[in-house]
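Okay, structure first, notes after.
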Amino acid sequence: MISPASNFRIYLASEPVDFRKGMDGLAACVANSFELDPYSGAIYVFRSRRADRLKILVWDGSGLVLIMKRLNGKRFTWPKPQAGPVTLSKVQFDALFEGIDWTQVAASNSRKPVFL
């Protein structure tokens, strides 16, 4: 299981992608379709047409990392297609990765400690 820090940006592609694409093809999708930098350290999540598989692309500082997950007998919950990516919180990403309906998960608001 990937457990990104809470300050990571997580972007979800709302439309399915061709799952024959590798990391370079997905990085091109990020740059061309989203107009974002695939080498920024943000996490980009893509799904297959059947919504039973997902690919995660992230730059870890030394290279691109591509992770793939397939659910058995289930489908990932996905938003309706829209222009641009959907931003997820860490809690929503964790639920999505586990195959849980992430749209029903609300992240708690935590404040940064203040010195008095």
Side-chain angles (χ1 to χ4, degrees):
M1 166 76 190
I2 301 170
S3 186
S6 61
N7 59 349
F8 273 60
R9 299 289 302 182
I10 304 168
Y11 297 102
L12 185 72
S14 62
E15 294 190 30
V17 296
D18 180 353
F19 250 50
R20 295 174 291 183
K21 289 185 181 191
M23 58 181 64
D24 294 326
L26 294 174
C29 284
V30 169
N32 297 330
S33 300
F34 303 158
E35 297 179 359
L36 295 171
D37 179 9
Y39 307 106
S40 67
I43 297 171
Y44 301 96
V45 185
F46 304 89
R47 80 164 176 99
S48 65
R49 293 199 190 281
R50 292 184 298 212
D52 64 337
R53 294 171 289 159
L54 59 79
K55 284 187 176 181
I56 300 167
L57 182 71
V58 65
W59 173 260
D60 72 353
S62 63
L64 279 174
V65 178
L66 181 65
I67 300 153
M68 183 173 164
K69 181 167 183 171
R70 179 180 62 210
L71 287 179
N72 289 322
K74 284 178 68 176
R75 291 177 180 236
F76 290 101
T77 301
W78 222 258
K80 292 182 180 181
Q82 64 182 39
V86 175
T87 303
L88 296 181
S89 69
K90 181 185 180 310
V91 173
Q92 290 171 323
F93 173 78
D94 289 342
L96 170 70
F97 196 79
E98 290 299 321
I100 299 168
D101 184 358
W102 61 271
T103 61
Q104 303 299 315
V105 177
S108 62
N109 291 335
S110 58
R111 291 185 286 168
K112 197 173 184 180
V114 179
F115 290 104
L116 300 176

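In what follows, residues are counted from 1 in the order of the sequence shown.
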Only distances under 3.5 Å count here; give the side-chain donor-acceptor pairs of residues 75-87 to other protein atoms, sequence neighbours excluded, each with its distance to 0.1 Å.
residue	atom	partner	partner atom	Å
Arg75	NH1	Arg50	O	2.8
Trp78	NE1	Ala13	O	2.7

Point to revise | Sequence neighbours excluded, every pair satisfying ring-ring contact (aromatic ring centres under 6.0 Å, His included) that has a member inside residues 10-35 | key: Tyr11-Tyr44

Practice item. Heavy atoms only: give me the nearest Pro38-Ala27 pair and the separation to one decimal. Key: CG-O, 3.6 Å

**Study point:** Counterpart residues, side chain to side chain contact (heavy atoms under 4.5 Å, CB included), relative to Asp37 (two or more places apart)
**Key:** Tyr39, Ser40

Review point. Hey, any chance Val58 and Ile10 share a hydrophobic cluster, counting ILVMFWY side chains that come within less than 4.5 Å of each other, even indirectly?
Key: yes

Point to revise | same_hphob_cluster(Leu12, Trp59) at 4.5 Å side-chain heavy-atom cutoff | key: no

Practice item. Tell me, please, which residues at least two apart from Asn72 pass side-chain hydrogen bond (donor to acceptor under 3.5 Å, both in side chains). Key: none

Review point. What's the spacing between Leu71 CG and Leu54 CG if we round to 0.5 Å?
Key: 7.0 Å

Review point. Say you draw a straight line from CZ of Arg47 to CD1 of Ile56; how long is it, rounded to the nearest 0.5 Å?
Key: 15.0 Å

Review point. Is it the case that one hydrophobic cluster holds both Ile100 and Phe93, taking links as side-chain heavy atoms less than 4.5 Å apart, direct or via other members?
Key: no

Practice item. Can you tell me which residue pairs pass the salt bridge (Lys or Arg N to Asp or Glu O under 4.0 Å) test with a partner in residues 14-32, sequence neighbours excluded? Key: Asp18-Arg20

Check your understanding: Under a 4.5 Å side-chain heavy-atom rule over Ile, Leu, Val, Met, Phe, Trp and Tyr, are Phe46 and Leu36 clustered together?
Key -> yes

List the atom pairs, with distances to 0.1 Å, where a side-chain N or O of residues 60-69 and a protein N or O form a donor-acceptor pair under 3.5 Å, not counting sequence neighbours.
residue	atom	partner	partner atom	Å
Asp60	OD1	Ser62	N	2.9
Asp60	OD1	Ser62	OG	3.1
Asp60	OD1	Gly63	N	3.0
Lys69	NZ	Phe97	O	2.7

